[in-house]
Amino acid sequence: LIKQNNKRALRNIKPAGLDIGILNLASIIVHDEKTQSLIISGNEFISKNCFYNKLFANLQEKIANEAIEFKEITQKSGNKVKIATKYTNKGRNLQKQKNRLMESRRRFFDDKMNQYSKKILNYLQENKVTDLVISKNLSFTKTTGEIKMNKKTKQKFYQIPFGQLLNMINEKAPMHNIFVHNKDEAYTSKTSCLTSDVNKNQKKKSLNKPILPIDLNGNRGSKGRKLSRGLFKDNKLDIIINSDLNGAANHIRLAFNKVRIIHLKNYLWKLQQPKKIKSVFEFNCFLKQSNRIKNELLA
């Protein structure tokens, strides 16, 4: 292990950060001067999830009308409710139809997450990335239930398996010679990657010290405020950047404390003008175009 670490220390490390979410499935930034930052839209998954939910609700209503026997149970709150124990033949067929629909939904998300994980790793490998920094905090939050969201957003959060994307990337990364680092993403979205240090803020948090606005040097936009959702304003430099890419850049800082993320001040386009990917097909076209441009430059 020591020999491996020594060999690893001798080679050049080129890190990238990845931030996951609901509206933006994945936001990726590479620590260099020329690689285009990417944002993969989550709209495809949100609309598909809504489509399946409507079908489930319709089927469930029909199944409930086919119940012929019930039993009464007492809930923890003390309320007594009746649940169906037997259905008509039509009801049983509808239940089978619901199971097939659930399997169809599972296959859809499995297929899409598998394709996106491959495309992301191919993109990183083509741009000589050696290390990818991710965070599984949101996935862990699903199991604990410790999250404050409105009902509509919470439904998307729990039903869209974005953690599956991280798991697939983790499994496939060794085949692309990429090391994956999993870090705590606390304060990565609230701290400016340009003028502040997320490591210091996390250390303050661990020591139960207050995090002051001067420690963050910025604020993230939200719905109904002057600064729109999806944007981050660095108060010290008085500039606006993409909030998810700001978080992804801070991921890199967490894993590689000596990396000078501050140099991004000279390459603000990486934080302000990402390439937005709306589908796997669009991602594939982007990869082909990138390869063609590289080949023309080398010719």
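What's counted below: heavy atoms across the whole structure, side chains too, no hydrogens, waters or symmetry copies. Since we're looking at a predicted model, the values are computed, not measured.
Using modelled atom types and a 3.5 Å distance limit, the side chains of N246 and R220 yield no donor-acceptor pair. Looking only at atom types and distance, the side chain of N201 has a donor-acceptor partner in the side chain of T191 under 3.5 Å away. With no hydrogens or angles considered, a side-chain donor-acceptor pair links N199 and D197 at under 3.5 Å. Under 3.5 Å, the side chains of N284 and K119 contain a donor-acceptor pair of N or O atoms. With hydrogens and angles left out, the side-chain atoms of D244 and N24 include a donor and acceptor closer than 3.5 Å. A donor-acceptor contact closer than 3.5 angstrom links the side chains of N53 and Q159. When only modelled atom types and interatomic distance are considered, S290 and Y123 share no side-chain donor-acceptor pair under 3.5 Å.
Considering every non-hydrogen atom in both E66 and T88, the closest pair reads OE1-OG1, 2.7 Å. Scanning all heavy atoms of the two residues, the minimum distance from A16 to V129 falls at CB-CG1, 3.9 Å.
Between K204 and D215 there is a salt bridge, with a side-chain nitrogen of the basic residue lying less than 4.0 Å from a carboxylate oxygen of the acidic one. Under 4.0 Å is where a charged nitrogen must lie from a carboxylate oxygen, and between D110 and R106 at least one such pair does. Checked for salt-bridge contact, K278 and E44 miss the test: no charged N lies under 4.0 Å from a carboxylate O. Between R100 and E103 there is no salt bridge, since no side-chain nitrogen of the basic residue lies less than 4.0 Å from a carboxylate oxygen of the acidic one. Here D32 does not pair with K128 in a salt bridge; the nearest charged N to carboxylate O distance is not below 4.0 Å.
With contacts defined as side-chain heavy-atom distances shorter than 4.5 Å, the pair W269/Q36 qualifies. A heavy-atom distance below 4.5 Å is not found between the side chains of L132 and H181. With a 4.5 Å cut-off on side-chain heavy atoms, C193 and R253 do not count as touching. Between K233 and I239, the closest side-chain pair of non-hydrogen atoms is not below 4.5 Å. Counting only heavy atoms from C-beta outward, the side chains of H251 and I134 never approach each other to under 4.5 Å.
A distance of 11.0 Å separates OG in S27 from CG in L271, rounded to the nearest 0.5 Å. Distance CZ/F232 to CG/N250: 8.0 Å, rounded to 0.5 Å.
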Full working for side-chain contact (heavy atoms from CB on, under 4.5 Å) between F45 and L25: CA-CA 9 Å; F45 298 95; L25 178 68; 3.5 Å; yes

Derivation and outcome, side chain to side chain donor-acceptor pair (under 3.5 Å), residues K172 and S117: CA-CA 8 Å; K172 299 171 186 175; S117 62; 2.7 Å; yes

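In this structure, the ring of F256 has its center no less than 6.0 angstrom from the ring center of H31.
When each of L216, I241, N217, V198 is paired with S192, the side chain to side chain contact (heavy atoms under 4.5 Å, CB included) condition holds for N217 and for no other.
Geometrically, K48 engages F108 in a cation-pi contact, judged by NZ or CZ lying under 6.0 Å from the ring centre and within 45° of the ring axis. Annotation: cation-pi pair K190/Y187 present, NZ/CZ under 6.0 Å from the ring centroid and within 45° of its normal.
More than 12 heavy atoms of other residues, nucleotides or ligands shown are found within 6.0 angstrom of CD1 on I83.
Linking ILVMFWY residues whenever their side-chain heavy atoms come closer than 4.5 Å, directly or via other members, places I20 and V30 in the same cluster.
Remark: side-chain polar atoms of R105 are not paired, donor with acceptor, to backbone N or O of N49 under 3.5 angstrom. Using modelled atom types, no side-chain atom of E33 and backbone atom of Y267 make a donor-acceptor pair closer than 3.5 Å.
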